[in-house]
There are 2 protein chains.
Amino acid sequence: MDGLLLATLEDGPQHGYAVKEALRDATGGKLDLPTGTVYPALHRLERAGLIKGSWSVVSGRRRRTYELTEQGRRSLAGARDHWQEFAAVISAALGGGPWPATN
Amino acid sequence: MDGLLLATLEDGPQHGYAVKEALRDATGGKLDLPTGTVYPALHRLERAGLIKGSWSVVSGRRRRTYELTEQGRRSLAGARDHWQEFAAVISAALGGGPWPATN
DNA sequence: CTCCAATACGTAGTGACCCTACATGTAGGA
DNA sequence: TCCTACATGTAGGGTCACTACGTATTGGAG
């Protein structure tokens with residue numbers, strides 16, 4: 001989860017709702033997180049110091065815009081490594097080989 | 001989790017402790033689940049009807065040997081599909097290109 | 001003008017579940 | 001005798017994603 005949100009913020013600051021939509025679009029609608037998942041997760045990441053938020057108002061709507069911190073960038077790199085490792089391990093244990101890839 | 005345990009039982013009946021070791025060996029020790037994870041998970045799978053257990057005694061030690069049910073086999077196939085899909089979605093969302101592979 | 005959807009943020013409560021820690025007992029080697 | 005490996009189990013805690021609900025504005029459809 002955390003890695004996914006961080007990855008979305010990698011290409012520039014975004015507000016929560018935009019993060020949710022970006023994630024949905026990036027996965028062809030297959031990963032459509034509810035707001036009750038996204039917002040608490042962003043708060044968690046901010047408390048952890050991985051992202052930094054700031055309030056603004058755009059066309060009458062208040063927005064909390066987040067951007068990656070240096071620590072967040074490092075955490076994202078770690079999350080990518082960790083995911084690769086994790087996926088390889090699970091794929092191995094689940095059988096069928098690491099990456100069948102249209103055999 | 002469930003899929004991993006089911007996969008371990010695919011090649012024949014095993015008892016809980018053996019499942020734990022098989023999983024550890026299959027992943028080069030990278031996935032060494034504690035007994036407090038394995039046993040409750042097996043109980044869960046049995047309650048769900050995906051595996052079927054039976055007691056026996058081997059060299060003075062009592063064993064609960066599990067084997068896949070038909071439903072369990074179907075569930076395992078589904079879990080493999082689901083994992084492939086899931087891994088693809090996460091990999092896509094996590095970005096960094098399809099497969100950076102030692103950039 | 002009214003109503004509803006989309007935008008945008010948030011919290012509370014629930015349920016699932018993995019893990020730590022502990023308990024029990026046998027077999028076998030140091 | 002003691003410790004390790006084998007073998008199973010429960011209890012409690014902490015994390016976390018999700019459902020459901022609440023608040024507020026903008027803008028388009030009817």
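Everything quoted here is computed from the prediction, not taken from an experiment.
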Asker: I want to confirm an ordering. Mapping Arg63(B) and Leu33(A) to their closest nucleotides on DNA chain D, which one lands closer to the 5' end?
Answerer: Arg63(B)

Asker: The side chain of Tyr66(A) lies closest to which of these nucleotides: dC18(C), dG10(C), dC18(D)?
Answerer: dG10(C)

Asker: If I take atom CG in residue Leu45(B) and atom P in nucleotide dT8(D), what distance separates them, rounded to the nearest angstrom?
Answerer: 15 Å

Asker: Where do N or O atoms of nucleotides 27-30 of chain C meet protein N or O atoms at under 3.5 Å, pair by pair?
Answerer:
| unit_1 | atom_1 | unit_2 | atom_2 | d |
| --- | --- | --- | --- | --- |
| dA27(C) | O4' | Arg61(B) | NH2 | 3.1 |

Asker: Side-chain contact, heavy-atom cut-off 4.5 Å: Tyr66(B) with Val19(B)?
Answerer: no

Asker: Please report the closest heavy-atom contact between Ser91(A) and Trp83(B), naming both atoms and the distance.
Answerer: OG-NE1, 3.1 Å

Asker: Answer yes or no: does a side-chain N or O of His43(B) lie under 4.0 Å from OP1 or OP2 of dT8(D)?
Answerer: no

Asker: Between Arg44(B) and dA16(C), is there a side-chain N or O to OP1/OP2 distance below 4.0 Å?
Answerer: no

Asker: Kindly list each side-chain donor-acceptor pair under 3.5 angstrom involving residues 2-10 of chain A, sequence neighbours excluded, with atom names and distances?
Answerer:
| unit_1 | atom_1 | unit_2 | atom_2 | d |
| --- | --- | --- | --- | --- |
| Asp2(A) | OD1 | Arg44(A) | NH2 | 3.0 |
| Thr8(A) | OG1 | Leu4(A) | O | 2.9 |
| Glu10(A) | OE1 | Arg80(A) | NH2 | 3.0 |
| Glu10(A) | OE2 | Arg80(A) | NH1 | 3.3 |

Asker: For residues 14-31 of chain B, which residues have at least one heavy atom under 4.0 Å from DNA chain D?
Answerer: His15(B), Gly16(B), Tyr17(B), Glu21(B)

Asker: Would you tell me if any nitrogen or oxygen in the side chain of Tyr39(B) comes within less than 4.0 Å of OP1 or OP2 on dG9(D)?
Answerer: no

Asker: Compare every heavy atom of Arg62(B) with every heavy atom of Trp55(B), then report the nearest pair and how far apart it is.
Answerer: CH2-NH2, 3.5 Å

Asker: Taking C-beta and beyond as the side chain, do Leu42(A) and Arg64(A) meet within less than 4.5 Å on heavy atoms?
Answerer: no

Asker: On the 0 to 90° scale, with breaks at 30° and 60°, tag the His82(B)-Phe86(B) ring pair as parallel, tilted or perpendicular.
Answerer: parallel

Asker: Using the side chain to side chain donor-acceptor pair (under 3.5 Å) definition, which of the options Asp32(A), Asp25(A), Thr35(A) pairs with Lys20(A)?
Answerer: Asp32(A)

Asker: With respect to the phosphate group of dG10(C), does any side-chain polar atom (N or O) of Arg62(A) fall under 4.0 Å of OP1 or OP2?
Answerer: no

Asker: Please check this pair: side chain of Thr27(B) against backbone of Val89(A), looking for a donor-acceptor N/O pair closer than 3.5 Å.
Answerer: no

Asker: Just to confirm, is there a sub-4.0 Å distance from OP1 or OP2 of dT8(D) to any side-chain nitrogen or oxygen of Thr35(B)?
Answerer: no

Asker: Kindly say whether His15(B) contributes a backbone atom to a donor-acceptor pair with the side chain of Thr65(B) at under 3.5 angstrom?
Answerer: no

Asker: For the pair made of CE in Met1(A) and P in dC18(C), what is the distance, rounded to whole Å?
Answerer: 18 Å

Asker: Rounding to a whole Å, what distance do you find between Trp55(A):CH2 and dA24(D):C1'?
Answerer: 12 Å

Asker: Whole angstroms only, please: what is the CG-C1' distance between Leu42(B) and dT10(D)?
Answerer: 15 Å

Asker: Check the distance between dT24(C)'s C1' and Arg64(B)'s CZ and give it to me in whole angstrom.
Answerer: 18 Å

